[in-house]
Amino acid sequence: MTNSLISGNISSIRVIAEAIRSVEYIIIYMYFSNIFILIKNAGMSIEELLKKNIIKIAVTVFIVSIIELFNLPLKELLRSLYDMDKSGNIYQYYNRIVGTLRNPNYYGIWLSFMLLFFYIVKMRLVYKIVLISLSGFFLYFTGSRTSLVACLISLVTVIIIQSVRMKKQKNSSILLFGFIAFIFYYVSFHFQEFFFSVRLQYNINEWRTFGGRLEIWEKYYEQFLANPLFGVGIQKSNDLVFDNTFVQYSYYYGLVGFVFICIFFLRNITLNLRMIFSKKFLSDKLIYFILGVQIVVITSAFTVQILDVLQVSFFYLMSLAYLDFSVLSKNNDLVNKKR
């Protein structure tokens with residue numbers, strides 16, 4: 001904000017929006033912190049309440065995705081409600097979908113959260129298989145390489161850590177995802193013409209340049225060198241697309257911003273891991289989901305301005321609020337026991 005003032009960009013709507021966004025995120029964090037306290041005081045299960053509400057939201061979004069992917073008549077109604085310029089369908093060459101998030105990458109990241117959540121929480125096996133399969137199916141059709149890589153890294157990490165902390169979890173996880181993978185392979189093999197993905201074709205050049213992003217980052221790096229310590233400030237140009245959270249913070253806020261975002265991510269994931277390997281939180285399954293969310297967010301941050309996506313930040317801030325609430329709650333319980 002200060003840099004923008006000095007640079008003469010304070011009149012920009014973007015600068016004001018950035019300031020409002022910070023306040024907005026604080027409000028979301030505080031909202032969930034208070035909600036978790038109220039739920040605990042009411043003697044209810046946070047996991048069960050989250051499960052009920054997330055399933056309702058996911059099913060609603062999945063219905064929208066079915067309409068979008070299969071180009072059903074209601075798709076025109078959806079187009080009138082929000083931007084679907086990047087939306088395709090299963091019958092055409094460009095078959096990427098955006099769900100309700102307007103962007104395939106954003107929707108892919110959100111679906112990664114859904115897949116992780118349905119894997120972690122306790123529910124009937126048939127529901128678990130259906131919900132995980134739908135999450136994976138729509139994730140594939142986002143065509144988002146960022147989301148697929150982030151989801152895979154996150155899922156494998158969570159399964160490995162769970163197998164260390166919960167001995168019986170490893171075999172059941174392998175069987176579950178083995179069965180789902182078999183179903184996906186069977187369906188895709190018999191309907192190959194529909195499972196072609198315009199974005200998931202192997203192209204070594206695309207992978208080496210992060211989908212052409214390297215050129216963009218090099219351009220911003222040269223501008224960053226003009227003021228490396230505090231950055232150039234928030235700009236009023238609508239053409240600024242960083243496709244990297246670390247580049248974004250370095251460009252806007254310099255090394256100070258880069259160090260801040262790294263410490264922020266590191267602090268949160270370190271707290272999460274300490275909780276997982278603490279006996280005090282051994283029965284808490286949600287902390288594994290939150291670890292998955294954090295890994296997806298940090299991995300995606302290398303190719304997406306991840307904290308600018310409200311639907312993604314919403315889950316991330318809810319996760320952070322839960323971690324801090326759980327630590328505080330557990331410490332208070334221990335103090336009360338000693339009295």
CG/Leu148 to CD1/Ile109 distance, rounded to the nearest 0.5 angstrom?
11.0 Å

Polar side-chain atom of Lys330 near backbone of Phe281 as donor-acceptor pair, under 3.5 Å
no

Ignoring hydrogens and angles, state whether a donor on the side chain of Tyr251 or Gln223 is under 3.5 Å from an acceptor on the partner side chain.
yes

Surrounding CE of Met123 (heavy atoms of other residues, nucleotides or ligands, distance under 6.0 Å), is the total greater than 12?
yes

Before you tell me yes or no, could you show the steps for Ile35 and Met318 under side-chain contact (heavy atoms from CB on, under 4.5 Å), namely the whole-Å CA-CA distance, both residues' side-chain angles and the distance that decides it to 0.1 Å?
CA-CA 10 Å; Ile35 284 292; Met318 178 187 74; over 6 Å; no

Do the side-chain N and O atoms of Lys75 and Ser87 include a donor-acceptor pair separated by under 3.5 angstrom?
yes

Does Ser154 use its side chain to pair, donor to acceptor, with the backbone of Gly292 at less than 3.5 Å?
yes

Side chain to side chain, Phe242 and Tyr252, heavy atoms closer than 4.5 Å:
yes

When you compare the side chain of Met114 with that of Leu134, does any pair of heavy atoms fall below 4.5 Å?
no

For the pair Trp110 and Phe62, name the ring-plane relationship: parallel under 30°, tilted 30 to 60°, perpendicular over 60°.
perpendicular

Testing the basics here: between Lys128 and Val121, what is the closest heavy-atom pair and its distance to 0.1 Å?
NZ-O, 2.7 Å

With a 4.5 Å cut-off on side-chain heavy atoms, are Tyr106 and Val304 touching?
yes

Distance-only polar pair, side chains of Tyr220 and Asn244, donor-acceptor under 3.5 Å
no

Report yes if some heavy atom in the side chain of Ile269 is under 4.5 Å from a heavy atom in the side chain of Ile295; otherwise report no.
yes

Heavy-atom distance under 4.5 Å between the side chains of Val327 and Met275, does that happen here?
yes

Donor-acceptor under 3.5 Å (Lys51 side chain, Lys122 main chain)
yes

Arg96 and Asp85: CA distance, side-chain angles, deciding distance, salt bridge (charged side-chain N to carboxylate O under 4.0 Å, His left out) verdict
CA-CA 11 Å; Arg96 302 183 75 185; Asp85 287 346; over 6 Å; no

Heavy-atom donor-acceptor pair, Ser278 side chain to Arg274 backbone, under 3.5 Å
no

Passes side-chain contact (heavy atoms from CB on, under 4.5 Å), Leu78 versus Ile67? Steps please.
CA-CA 9 Å; Leu78 296 177; Ile67 294 169; 3.9 Å; yes

Counting only heavy atoms from other residues, nucleotides and ligands, does the tally under 6.0 Å from OH of Tyr221 exceed 12?
no

Do Phe118 and Leu49 sit in the same hydrophobic cluster, where Ile, Leu, Val, Met, Phe, Trp and Tyr count as joined when their side-chain heavy atoms come under 4.5 Å apart?
yes

How long is the straight-line distance from CD1 of Ile153 back to OG1 of Thr299, given to the nearest 0.5 Å?
4.5 Å

I'd like to check Val297 versus Phe113 (side-chain heavy atoms, cut-off strictly below 4.5 Å). Are they in contact?
yes

In the structure I gave you, are the side-chain heavy atoms of Asp284 and Glu47 within less than 4.5 Å of one another anywhere?
no

Centre-to-centre under 6.0 Å for Tyr29 and Tyr25, is that the case here?
no

Rounded to the nearest 0.5 Å, what's the gap from CD1 on Ile276 to CD1 on Ile290? Could you check?
9.0 Å

Does Leu273 belong to the same Ile/Leu/Val/Met/Phe/Trp/Tyr cluster as Ile120, with side-chain heavy atoms less than 4.5 Å apart forming each link?
yes

Whether Phe36 and Phe325 hold their rings parallel, tilted or perpendicular, with breakpoints at 30° and 60°
tilted

List the atom of Gly108, the atom of Leu139, and the distance in Å for their closest heavy-atom pair.
O-CD1, 3.3 Å

Just verifying a value: how many Å separate Leu323 CG and Leu328 CG, rounded to the nearest 0.5 Å?
12.5 Å

Heavy-atom nearest pair, Tyr94 first then Pro104, reads OH-CG, 4.3 Å

How long is the span from the OG atom in Ser329 to the NZ atom in Lys40, to the nearest 0.5 Å?
2.5 Å

Looking at Ile97 and Glu68, what are the two nearest heavy atoms and their distance?
CA-OE2, 3.2 Å

Interatomic spacing from CD1 in Ile37 to CD1 in Ile46 - rounded to 0.5 Å
9.5 Å

Is there a path of hydrophobic side-chain contacts, each under 4.5 Å between heavy atoms of I, L, V, M, F, W or Y residues, that connects Ile132 with Leu152?
no

Side chain of Ser313, backbone of Leu310: donor and acceptor closer than 3.5 Å?
no

Minimum-distance pair of heavy atoms, taken over all atoms of Val241 and Ile216:
O-CG2, 3.4 Å

Measuring only between side-chain heavy atoms, which start at C-beta, is Met84 closer than 4.5 Å to Arg102?
no

Might you work through the side-chain contact (heavy atoms from CB on, under 4.5 Å) test for Leu77 and Leu74, ending with a clear yes or no?
CA-CA 5 Å; Leu77 174 62; Leu74 285 176; 4.1 Å; yes

Are Tyr127 and Phe138 connected in a single hydrophobic cluster, I mean Ile/Leu/Val/Met/Phe/Trp/Tyr linked by side-chain heavy atoms less than 4.5 Å apart?
yes

Can you tell me which residue among Phe315, Tyr322, Phe314 is in a ring-ring contact (aromatic ring centres under 6.0 Å, His included) with Phe32?
Phe314

With sequence neighbours excluded, what pairs up with Tyr316 under the ring pair (Phe, Tyr, Trp, His ring centres under 6.0 Å) test?
none

Phe141 and Leu111: side-chain contact (heavy atoms from CB on, under 4.5 Å), yes or no, with the steps?
CA-CA 11 Å; Phe141 279 103; Leu111 286 167; over 6 Å; no

Distance-only polar pair, side chains of Gln162 and Tyr119, donor-acceptor under 3.5 Å
yes

State, to 0.1 Å, how close Val296 and Leu116 come at their nearest heavy-atom pair, and which atoms those are.
CG2-CD1, 3.9 Å

If we count only N and O atoms by modelled type, under 3.5 Å, do the side chains of Gln248 and Asp308 hold a donor and an acceptor together?
yes

Taking side chain to side chain donor-acceptor pair (under 3.5 Å) as the test, write out the residues that go with Thr146, two or more places apart.
Thr303

Side chains of Tyr107 and Ser144, donor plus acceptor under 3.5 Å:
no

Same cluster or not: are Tyr31 and Ile39 linked, directly or through other Ile, Leu, Val, Met, Phe, Trp or Tyr residues, by side-chain heavy atoms under 4.5 angstrom apart?
yes

Is the closest basic N to carboxylate O distance between Lys219 and Asp243 below 4.0 Å?
no

May I ask you to decide if Ile287's main-chain N or O and Asn272's side chain share a donor-acceptor pair within less than 3.5 Å?
yes

May I ask you to decide if the ring planes of Phe302 and Phe246 are parallel, tilted or perpendicular, using 30° and 60° as cut-offs?
tilted

Would you list the atom pairs, donor with acceptor, under 3.5 Å between side chains in residues 254-264 and any protein atom, with sequence neighbours excluded?
none

